[in-house]
Visitor: 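Dropping the structure in here first, questions after.
Side chains included, hydrogens not; waters and symmetry mates left out as well; all remaining heavy atoms used. For ligands, and for the atoms within them, numbers begin at 1 and follow the listed sequence. This is a predicted model, so every value here is computed, not measured.
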Amino acid sequence: MYVGVDYYPEHWPRARWETDARLMQEAGFNVVRLAEFAWVMLEPDEGRFTFDWLDDALAVLADHGIAAILGTPTAVMPAWVARKYPETLATRDTGARITWGVRKNNCFTSGTYRLLSERITRAMATHFAATPNVIGWQTDNEFGHPKCYCATCRAEFQDWLRAKYGTLDALNAAWGLHFWGHLVGTWGEVQLPVEPGGSNPSALLDWQRFYSWLNVRFQHDQVQILRAAAPDHFITHNCMGLFSDLNYYDLAAELDHVSWDNYPVWGVPRVMGEAAAAADVMRGLKRKNFWIMEQSAGPGGWGSFGRNPWPGELRLVAYQQLAHGADGQIWFRWRTCTAGREQYWHGLLGHDGRPLRRYREAAQTAAEYHRLAPHLAGTTVHADVAFINDYASIWALQIQPGFEGNTYHAALQRYYDAFLRAGVNVDMVPPDADLSAYRIVVAADLHVLPDALAERLAAYVHGGGVLLADCRTGVKTETNLCHDRTLPGLLAAPLGITIEEYDVVPTELTYAIDGTLGACNAHQYVDWITPDGAAVLARYPDAWQLAEFAAVTRNRYGAGAGYYVGTVVQEPAFYDALIADLFATAGVTPLLTPPPGVEVSVRAGDDTTLLFLLNQTQEPKTVALPAGLRDLLAEADAGASVTLERFGVAVYALEKTPDAHHRLERTL
Ligand code: GLA
Ligand code: ZN
C-alpha cells in the first residue's frame, strides 16, 4: 500500500531535505510525487540537463524508504521555450497569444512543443530508469485547458475531420450545414467554432472530440518514450474526477492505472456524493483500482482559501477513496509553500514546517492503511448496478442543455446519491461496455443515443435487465443532430411510452406529483408522457395541462423492465422510493440499511470481502451490523451494532461462512 505526499524539494534549502524525509518516514509515508513543474530546473537551457539535484533528493528519500513517482514536467514550459519558440504558446479565440506566466500555456499541435516535450521526457526517462526508488511516472499534470485557436490547430482540425468523414458531402450532412447556408465546399473553409452559444452544435461537439484527442496524442508521445526507456516503471496521470473536457476513457487507455486529484473539503461538511461518484468514474476508466495523486491536506485556495479539514476529516476523505477502490493515496502537498500562487493551498505542514495536527492525522491514517494492506490486496468494488458515463452526452448538453440547469452530472448525481444513501455500490461504465452482468443500468440524461446503443439497451432490457432512463434521453445522434423520430425513439418499446411534446417549468412554478413513489414536487422540465403499455408510477394531479400524462413509468419488456422519469423532482425521498422500486424489480437486496449520513461500500476479492462504514456527519451514528464481521481497525469481532464517532470510519472483514458470503454476493 502506497501512501505519501506531493513534495517539492526544489522549493526548500537542501539542509531541510533530510528533516522532511525523516518526518515522512515517521508518518509511515512510503511514496512521493516529484518534479511535475520543474522543467526549467531540469533543463535550464535548451538541451542542457541538470538532474543532479533531483538525484540527490531521490537519494535522501531512498535513505528513508520512500519511493517516487516523477512527473513529466510539461505542464509549465520554461520561460526560454516561450521566448525562443513563441509558436508553442496557445492562441485564444480572439487570436491573441496567451501571455506566458501561469501554467498549461501550450498549443498541442505545435510541432516544436511536441519535440521539446519528447526531449525532456526521453532525457528524464533514460536518466532515472535505473534509480532504485523511482517506481513510476505521471504524464504532464491535469490535462485539460486551454483550447488553442491557432492556424496549426485549425489545419489539424481540418485533417482530423477529413480522416473521420472522408468526403465533404459526409461532413456537410453530419453537421447539418445546410442550416443557415453553412455548407462548405473545401476542407480549408472549415472554421474553428469559436462561439459556444452561436456556432453549429455539431461542429462544437467534434471540436471537443478533437481537443480531447489532441491531449491523448500528446500523452501518447510521452508514453511511448517512457515505455521504451523505463519499462519497469508504471505510467499514470492525475485526472480530475468529474472534470469533463476530455474523454478520460481514451486518456486512460494507455496508462497502467488511473490516478485522480480529490479536493472535496469546501463549505459546510456534507455527504461527499460527488467525490464518491468521481471515484467510481475513475475506477471505471480501466475497470481497475486507481490512485489518489493529490488529496486535500489543508485549506485550499489561490486567493482566498476554503475551510480547514476539521479533526477526523482528512482521514474520512481518505477512507472514502479507499472504500471506492484507491490503492495508493498521496496528499497535496507536503509543506505549504511560502512563494507563488499557491501560498494558501495548504499542505500537511504549515508554512512553519512543523509536524502538527494535520500531519498527525495523516500519519494515523497511513499506519492504519499499512495494517489493512494485507486484507486490501486483490480487492476491488464489484457492483450490480451500472451507470452509463458518456462524454458525448456530457459535451452535447454543455453545448445545448435543453432546459436551464440541465447538466449530465446534475442528472447523474440525482440518481447516484440515492444509491449512496441506500448503501449500494455502483460501477460507472462507458456506453460501449458489456452490460449483461448488471441487474440495473442507469442511463441518466443519455442525450446522445446512437442507434446501435439504443438497440443494445433495448436488448439488455429484453434479456432481463432493469433500465432507468430520464428526460432528454435519446434526443441526439452521435453528430449532435436531433433524431427525426418521436421520442424516446428506439427506446419506445422497452420503455412503453411515447413523448410527443415537452415543456420547461418556469423557475417560479412546481407541479405536485403523486403516485406509488409518494407525494413530491416536479420542477425545471416535464416530458408529456403518454403510456403505451407502461404502468404509471406517478402523475401530475394538480396541473390541468398535464392531466392525461404520466410523470414516471415502469414497463415490462421481455424478461426485464424499463423505467422512465420525465421530470426533475425536488425531494431526495422521491429518488429513494424510486430505487427501492428498482431493487424490488431487479432482485437487489442491500446488505444493510445505513442511517442518514453513513456511507457503505464493499471491496471484495477471491478470499476477502471488506465492508466500509463512513460517518460523514458531525454526530455519532449507530449502525446495525450483519453477523459474522471482524472489525479490522479494532482487531476484534464486531457486535450487533457499532456507533461511529463524528467523521468516524470502520472497516470489517466478512467471515467466510458460505451463507454470509452468498448474502453479500447478492448485493454486489
Ligand atoms: C491541482 C494541481 C496542483 C495544484 C492544485 C491546487 O490539483 O495539480 O498542482 O495546483 O491543483 O491548486
Ligand atoms: Zn494551436
Visitor: Assess R33 for proximity to ligand 1: is some non-hydrogen atom of it under 4.0 Å away?
Guide: no
Visitor: Which one holds for D6 and ligand 1: side chain close, backbone close, both close, or neither close, with close meaning a heavy atom under 4.0 Å?
Guide: neither
Visitor: Mind reading off the angle at the Zn ion (ligand 2) between the SG atom of C107 and the SG atom of C150, rounded to 10°?
Guide: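 Rounded to 10°, it measures 110°.
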Visitor: May I ask you to list the atoms of ligand 1 that are less than 4.0 angstrom from any heavy atom of W302?
Guide: 12 (O)
Visitor: For ligand 1, which atoms have a heavy atom of Y263 less than 4.0 angstrom away?
Guide: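 Under 4.0 Å from Y263, ligand 1 has these atoms: 5 (C), 7 (O).
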Visitor: What are the atoms of ligand 1, with element, lying closer than 4.0 Å to any heavy atom of F37?
Guide: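 Counting from 1, the qualifying ligand atoms are 9 (O).
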Visitor: Between E342 and R333, does a salt bridge (charged side-chain N to carboxylate O under 4.0 Å, His left out) hold up when you go through it step by step?
Guide: CA-CA 10 Å; E342 295 192 359; R333 52 182 54 230; 3.3 Å; yes
Visitor: Atoms of ligand 1 less than 4.0 Å from D261 heavy atoms?
Guide: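 Reading through ligand 1 atom by atom, the close ones are 7 (O), 8 (O).
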Visitor: Less than 4.0 Å between a side-chain N and a carboxylate O, is that true for E118 and R114?
Guide: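 Between E118 and R114 there is no salt bridge, as every charged N stays at least 4.0 Å from the carboxylate O atoms.
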Visitor: Could you tell me whether N141 and ligand 1 have an N or O pair separated by under 3.5 Å?
Guide: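 Yes, since at least one N or O of N141 sits under 3.5 Å from an N or O of ligand 1.
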Visitor: Any heavy-atom pair between the side chains of D6 and E36 that's under 4.5 Å?
Guide: no
Visitor: Please state which part of R103 comes within less than 4.0 Å of ligand 1, counting heavy atoms only: side chain, backbone, both or neither.
Guide: side chain
Visitor: Determine, for R283 against D427, whether the closest basic-nitrogen to carboxylate-oxygen distance falls under 4.0 angstrom.
Guide: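 D427 and R283: salt-bridged.
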Visitor: Quick one: do the Y369 and Q329 side chains pair a donor with an acceptor below 3.5 Å?
Guide: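 Yes, side-chain donor-acceptor contact under 3.5 Å.
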Visitor: Are any of the side-chain heavy atoms of R16 and R335 separated by less than 4.5 Å?
Guide: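 Result yes, sub-4.5 Å side-chain heavy-atom pair found.
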Visitor: Please identify which atoms of ligand 1 are closer than 4.0 Å to at least one heavy atom of E142.
Guide: 1 (C), 2 (C), 7 (O), 8 (O)
Visitor: Atom 3 (C) of ligand 1: which protein heavy atom is closest, and how many Å away?
Guide: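 Going atom by atom, the protein heavy atom closest to atom 3 (C) of ligand 1 ends up being E294 OE1, 3.3 Å.
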Visitor: Would you tell me whether D390 and Y408 have side-chain atoms, one donor and one acceptor, within less than 3.5 Å of each other?
Guide: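 There is no such pair (donor and acceptor under 3.5 Å, judged by atom type) between the side chains of D390 and Y408.
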Visitor: Among all the protein's non-hydrogen atoms, which is closest to atom 10 (O) of ligand 1, and how far away is it?
Guide: E342 OE2, 2.3 Å
Visitor: Going by atom types only, do D140 and T72 share a side-chain donor-acceptor pair under 3.5 Å?
Guide: no
